[in-house]
Amino acid sequence: EATFLFNNLPDVMEELWISCEHDGEDVLDDDIMAECIPSLANCTGMRKLKFNGLNLSTNSCAALGAVFPRMSALLELSLCGNSIDDN
């Protein structure tokens, strides 16, 4: 479901906010998001990107790093509430 949504994002999208605040099992996790994130490379006009509380970690960060060079319009990035290590 998440992959379908990401694969069908409009090229002209300027903002994307995904937040997951819930108790219990994670709906989206690092592996799912790592598969979805490469689709963002088509959104070259993206200005704001917020992925909060999604349990993002190593795989998702690597995927984000790969698409950032194609997202030159990106001005704001929020990754609050994830499992990202500062190292």
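We number each residue from 1, following the sequence as shown.
For the pair Leu54 and Cys20, the tightest heavy-atom approach, listed with the atom from each and the gap, is CD2-CB, 3.4 Å. Phe51 and Leu56 make their closest contact through CB-CD1, 3.6 Å (heavy atoms, listed as atom of the first residue, atom of the second, distance). Nearest heavy-atom pair across Ala41 and Val67 is CB-CG1, 4.0 Å. Closest approach of Ala63 to Ala34, counting heavy atoms only: CB-O, 3.8 Å. Taking both residues in full, the closest heavy atoms of Lys48 and Met46 are given as O-SD, 3.3 Å, listed atom of the first, atom of the second, then distance.
Judged purely by distance below 3.5 Å, without hydrogens or angles, the side chains of Asp31 and Asn59 pair a donor atom with an acceptor atom.
One distance of note links CZ of Arg47 with CD of Glu15; it measures 5.5 Å at 0.5 Å rounding. Between atom CG of residue Asn42 and atom CE of residue Met13 there is a gap of 12.0 Å, rounded to the nearest 0.5 Å. Atoms CG and OG, on Asp29 and Ser83 in that order, are 10.0 Å from each other to the nearest 0.5 Å. The distance from the CE atom of Met71 to the CG atom of Leu49 is 5.0 Å, given to the nearest 0.5 Å.
Among residues two or more places apart in sequence or in another chain, the salt bridge (Lys or Arg N to Asp or Glu O under 4.0 Å) test is passed with Glu35 by none.
Pairs passing the side-chain hydrogen bond (donor to acceptor under 3.5 Å, both in side chains) check and including a residue from residues 60-80, sequence neighbours excluded, read Asp30-Ser60, Lys50-Glu76, Asn52-Ser78.
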(request) Mind running side-chain contact (heavy atoms from CB on, under 4.5 Å) on Phe6 and Leu16 for me, showing each step along the way? (result) CA-CA 10 Å; Phe6 272 76; Leu16 178 61; 4.2 Å; yes
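Using a distance-only test at 3.5 Å, with no hydrogens or angles considered, a donor-acceptor pair links the side chain of Asn82 to the main chain of Asn55.
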